[in-house]
Colleague: 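Pasting a structure below so you can have a look.
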Amino acid sequence: AVVSTQSTGEKTVNLVKNSQKFLDDPEFEKNILRMRDSIGSDIRKYSDLNQLKQGMDGLTSGLAQRIQDGAKIVQDGASVLRDSATQRIQDGAKIVTDSASVIRDSVLSKEQEAQKN
């Protein structure tokens, strides 16, 4: 194990010297500005991604609503067609029944005339 031979006071003095070297470095300000720009860029990217997510959420919600609206239109259209078809079948059945009644009445009437003669 390495044992430090520096006292606490010496460590503090060395730390201050090293900090001063760091602060005196001509690149220090540039490095700080680069870090600031990088952080700002990351924040803008996050903001852009957040806006993109919000836009996608809005688009998804809008699409879902349109799909629901479309499904409702199709369902309503199918109901109208079904009701119309049902009505036409009922109308057709009534025509057939009425025609059958007319034919039957006509046949019965002719049979009755034939029996009279």
Side-chain angles (χ1 to χ4, degrees):
V2 178
V3 177
S4 175
T5 57
Q6 292 182 332
S7 70
T8 304
E10 289 174 312
K11 288 180 183 177
T12 303
V13 168
N14 285 336
L15 182 63
V16 169
K17 284 181 187 176
N18 289 338
S19 298
Q20 192 60 47
K21 283 183 200 174
F22 180 72
L23 293 172
D24 289 341
D25 181 355
E27 297 292 310
F28 173 74
E29 190 173 344
K30 289 181 187 174
N31 290 338
I32 292 293
L33 291 174
R34 244 184 274 139
M35 288 172 59
R36 183 202 66 193
D37 292 345
S38 174
I39 290 169
S41 173
D42 289 345
I43 288 171
R44 280 191 301 278
K45 284 180 194 170
Y46 176 76
S47 177
D48 291 347
L49 286 173
N50 194 32
Q51 287 177 355
L52 179 62
K53 181 188 177 306
Q54 289 174 351
M56 291 298 290
D57 290 347
L59 183 62
T60 302
S61 175
L63 285 173
Q65 186 60 51
R66 286 186 180 223
I67 289 170
Q68 287 176 344
D69 292 348
K72 177 89 172 94
I73 289 167
V74 169
Q75 186 180 23
D76 291 350
S79 294
V80 167
L81 281 174
R82 185 193 64 233
D83 294 347
S84 174
T86 300
Q87 187 61 51
R88 286 177 183 224
I89 290 169
Q90 289 172 346
D91 292 348
K94 178 146 178 34
I95 290 169
V96 169
T97 303
D98 291 350
S99 297
S101 294
V102 168
I103 292 170
R104 186 192 68 230
D105 292 347
S106 175
V107 168
L108 287 176
S109 171
K110 287 188 181 190
E111 284 179 356
Q112 290 173 352
E113 282 180 29
Q115 287 176 356
K116 288 182 186 175
N117 293 333

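What you see below is based on every heavy atom in this structure, not just the backbone, and it leaves out hydrogens, waters and symmetry mates. Numbers here are sequence positions counted from 1. Predicted, not measured: the structure shown is a model, and the values here were computed from it.
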Colleague: Is the closest side-chain heavy-atom distance between D98 and K94 below 4.5 Å?
Modeller: yes
Colleague: Using only atom types and a distance under 3.5 Å, with no angle test, would you say the side chain of S101 pairs donor to acceptor with the backbone of T97?
Modeller: yes
Colleague: Tell me, please, which residues at least two apart from V107 pass side chain to side chain contact (heavy atoms under 4.5 Å, CB included).
Modeller: I103, E111
Colleague: State which residues pass side chain to side chain contact (heavy atoms under 4.5 Å, CB included) with Q115; sequence neighbours excluded, sorted by chain then number.
Modeller: none
Colleague: With side chain to side chain contact (heavy atoms under 4.5 Å, CB included) as the test, would you mind laying out the steps for T86 and Q90 before giving the verdict?
Modeller: CA-CA 6 Å; T86 300; Q90 289 172 346; 3.9 Å; yes
Colleague: Quick check against the 3.5 Å criterion: does S38 have a side-chain atom that pairs as donor or acceptor with the backbone of R34?
Modeller: no
Colleague: Short question: side chain of T60, backbone of M56 - any donor-acceptor pair under 3.5 Å?
Modeller: yes
Colleague: Does E27 reach the side chain of K30, with side-chain heavy atoms less than 4.5 Å apart?
Modeller: yes
Colleague: When rounded to the nearest 0.5 angstrom, what distance separates CD1 in I32 from CG in D37?
Modeller: 11.5 Å
Colleague: Would you indicate whether the side-chain heavy atoms of D48 and Q51 approach each other to under 4.5 Å?
Modeller: yes
Colleague: Can you find a side-chain donor-acceptor pair between Q87 and D83 that sits under 3.5 Å?
Modeller: no
Colleague: Going by side-chain heavy atoms closer than 4.5 Å, which hydrophobic residues are tied to I39, directly or by a chain of links?
Modeller: I43
